[in-house]
Colleague: 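Have a look at this one before I ask anything.
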Amino acid sequence: MRKWSVAIITLSAIGVILLLVGGYIFNNKLYYPTLPIDGVSQREAITTFEHSNDNLVLLSSDNKTHWYITSGSNGINVVDEHITELVGQYGWELEQKEGSGLFFTQDGENLITSTQMWTRNYVLIKIPVTFNH
């Protein structure tokens, strides 16, 4: 009898631990792929986007790059339109698209943006900081 109660208690403890770990993983969105952005967690990225009404949401900036997130559910052409609209506000004109890159020009200068499917629902956009100067 005693062996059974020890086994039941052990299995119960393991079950509780698995539930806690699973809850932590789910709550923090750790089942999503890691981001190529330092200092931004999966949970922060999704929460930031979901709490915004904007098509493109800034996730992070450093002295070289702005990282944005957007929904990929409407297709990459819609994402490209949003990027073109954002960058176009600063005078950049779309010249061409190659793969995941959009090539813009302004006054003889070139600007290259790139997109990356992060998940099936979200797209990450990398834009050099020089686009809005």
Side-chain angles (χ1 to χ4, degrees):
M1 250 339 215
R2 184 175 166 109
K3 288 182 182 180
W4 282 106
S5 30
V6 169
I8 290 172
I9 291 171
T10 302
L11 287 175
S12 297
I14 290 171
V16 168
I17 290 169
L18 288 175
L19 275 173
L20 290 172
V21 169
Y24 178 80
I25 289 170
F26 182 78
N27 188 47
N28 289 296
K29 311 291 187 208
L30 297 178
Y31 50 90
Y32 281 105
T34 56
L35 289 160
I37 308 166
D38 291 333
V40 179
S41 70
Q42 296 97 318
R43 180 181 183 185
E44 289 174 294
I46 292 169
T47 302
T48 300
F49 181 72
E50 289 178 348
H51 287 93
S52 175
N53 293 323
D54 296 329
N55 293 319
L56 297 176
V57 178
L58 182 64
L59 288 179
S60 175
S61 287
D62 59 26
N63 58 356
K64 294 181 183 177
T65 306
H66 293 302
W67 282 97
Y68 290 83
I69 188 170
T70 191
S71 171
S73 61
N74 294 324
I76 200 66
N77 289 336
V78 173
V79 172
D80 291 346
E81 288 172 16
H82 294 314
I83 296 168
T84 302
E85 182 180 314
L86 172 69
V87 174
Q89 292 175 6
Y90 297 94
W92 294 94
E93 292 186 30
L94 179 63
E95 290 295 314
Q96 68 183 33
K97 176 182 175 157
E98 282 188 36
S100 66
L102 295 175
F103 295 78
F104 296 88
T105 59
Q106 177 187 54
D107 300 328
E109 302 264 334
N110 295 317
L111 178 81
I112 302 170
T113 67
S114 62
T115 58
Q116 174 183 341
M117 287 299 293
W118 178 44
T119 70
R120 118 182 95 121
N121 297 322
Y122 300 102
V123 176
L124 300 175
I125 299 115
K126 183 179 181 181
I127 304 176
V129 295
T130 55
F131 92 93
N132 60 356
H133 293 153

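Positions are given from 1, in the same order as the sequence printed here.
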Colleague: How far does CG of D62 sit from CH2 of W67, to the nearest 0.5 angstrom?
Modeller: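 Going from the CG atom of D62 to the CH2 atom of W67 covers 9.5 Å.
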Colleague: Can you tell me if CD on E93 sees more than 12 non-hydrogen neighbours from other groups inside 6.0 Å?
Modeller: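 Result for CD/E93: open.
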Colleague: Kindly say whether the aromatic ring centers of Y68 and H82 come within a distance under 6.0 Å.
Modeller: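 Between Y68 and H82, the centre distance exceeds or equals 6.0 Å.
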Colleague: Which atom names give the shortest non-hydrogen contact between I46 and Y32, and what distance separates them?
Modeller: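 The pair with the smallest heavy-atom distance is CD1-CE1, 3.0 Å.
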Colleague: Distance from L58 atom CG to T48 atom OG1, nearest 0.5 Å?
Modeller: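 Atom-to-atom, L58:CG and T48:OG1 are 9.5 Å apart.
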Colleague: Are T34 and Q42 packed together at the side-chain level, in the sense that at least one heavy-atom pair is separated by less than 4.5 angstrom?
Modeller: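 T34 reaches Q42 side chain to side chain.
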Colleague: Nearest 0.5 angstrom please: T65 OG1 to K126 NZ, how far?
Modeller: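 It comes to 5.0 Å.
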Colleague: Quick check on the hydrophobic clustering: are V129 and I112 connected, directly or via other members, by side-chain heavy-atom contacts under 4.5 Å?
Modeller: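 No; I112 is not reachable from V129 via cluster members.
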Colleague: Is there a side-chain hydrogen bond (donor to acceptor under 3.5 Å, both in side chains) between E44 and S41 once you walk through the steps?
Modeller: CA-CA 5 Å; E44 289 174 294; S41 70; 3.2 Å; yes
Colleague: For the residue pair L124 and P36, establish whether any side-chain heavy-atom pair is separated by less than 4.5 Å.
Modeller: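 SC-SC contact between L124 and P36 confirmed.
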Colleague: Is any side-chain heavy atom of H66 closer than 4.5 Å to a side-chain heavy atom of F131?
Modeller: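 With C-beta onward as the side chain, the pair touches.
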Colleague: Which atom names give the shortest non-hydrogen contact between F49 and V57, and what distance separates them?
Modeller: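 Residues F49 and V57, closest heavy atoms: CD1-CG2, 3.6 Å.
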Colleague: Among D80, T84, L86, I83, which one satisfies side chain to side chain contact (heavy atoms under 4.5 Å, CB included) with T113?
Modeller: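 The option that passes is I83.
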Colleague: What distance separates T105 OG1 from E95 CD, expressed to the nearest 0.5 Å?
Modeller: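 Output value for this atom pair is 3.5 Å.
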Colleague: Side-chain contact, heavy-atom cut-off 4.5 Å: L111 with P128?
Modeller: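 The answer is yes, as the side chains (C-beta and beyond) meet within the 4.5 Å cut-off.
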Colleague: Donor-acceptor pair, E81 side chain versus I76 backbone, under 3.5 Å?
Modeller: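 Not at all, since once roles are kept as given, no pair shorter than 3.5 Å links the two residues.
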Colleague: On a heavy-atom basis, which atom in S60 and which in I37 lie closest, and how many Å separate them?
Modeller: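 Heavy atoms of S60 and I37 come nearest at CB-CG2, 3.4 Å.
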Colleague: For the CH2 atom of W92 and the OG1 atom of T130, what is their distance to the nearest 0.5 Å?
Modeller: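 Atom-to-atom, W92:CH2 and T130:OG1 are 5.5 Å apart.
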Colleague: Does the side chain of N110 reach to within under 4.5 Å of the side chain of F103, using non-hydrogen atoms?
Modeller: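 Answer no - side chains too far apart.
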Colleague: If two hydrophobic side chains count as joined below 4.5 Å and joins carry through other members, does Y90 share a cluster with F104?
Modeller: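 As far as the 4.5 Å side-chain criterion goes, F104 and Y90 are connected within one cluster.
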Colleague: If I take atom CG from residue L56 and atom CD1 from residue I69, how far apart are they, to the nearest 0.5 angstrom?
Modeller: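 Between atom CG of L56 and atom CD1 of I69 there are 10.5 Å.
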Colleague: Considering only Ile, Leu, Val, Met, Phe, Trp and Tyr, and joining two whenever side-chain heavy atoms are under 4.5 Å apart, list the other residues clustered with V78.
Modeller: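 Besides V78, the cluster holds no residue at all.
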Colleague: Which atom pair, heavy atoms only, marks the closest approach of T119 to P33?
Modeller: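 The answer is CG2-CD, 3.8 Å.
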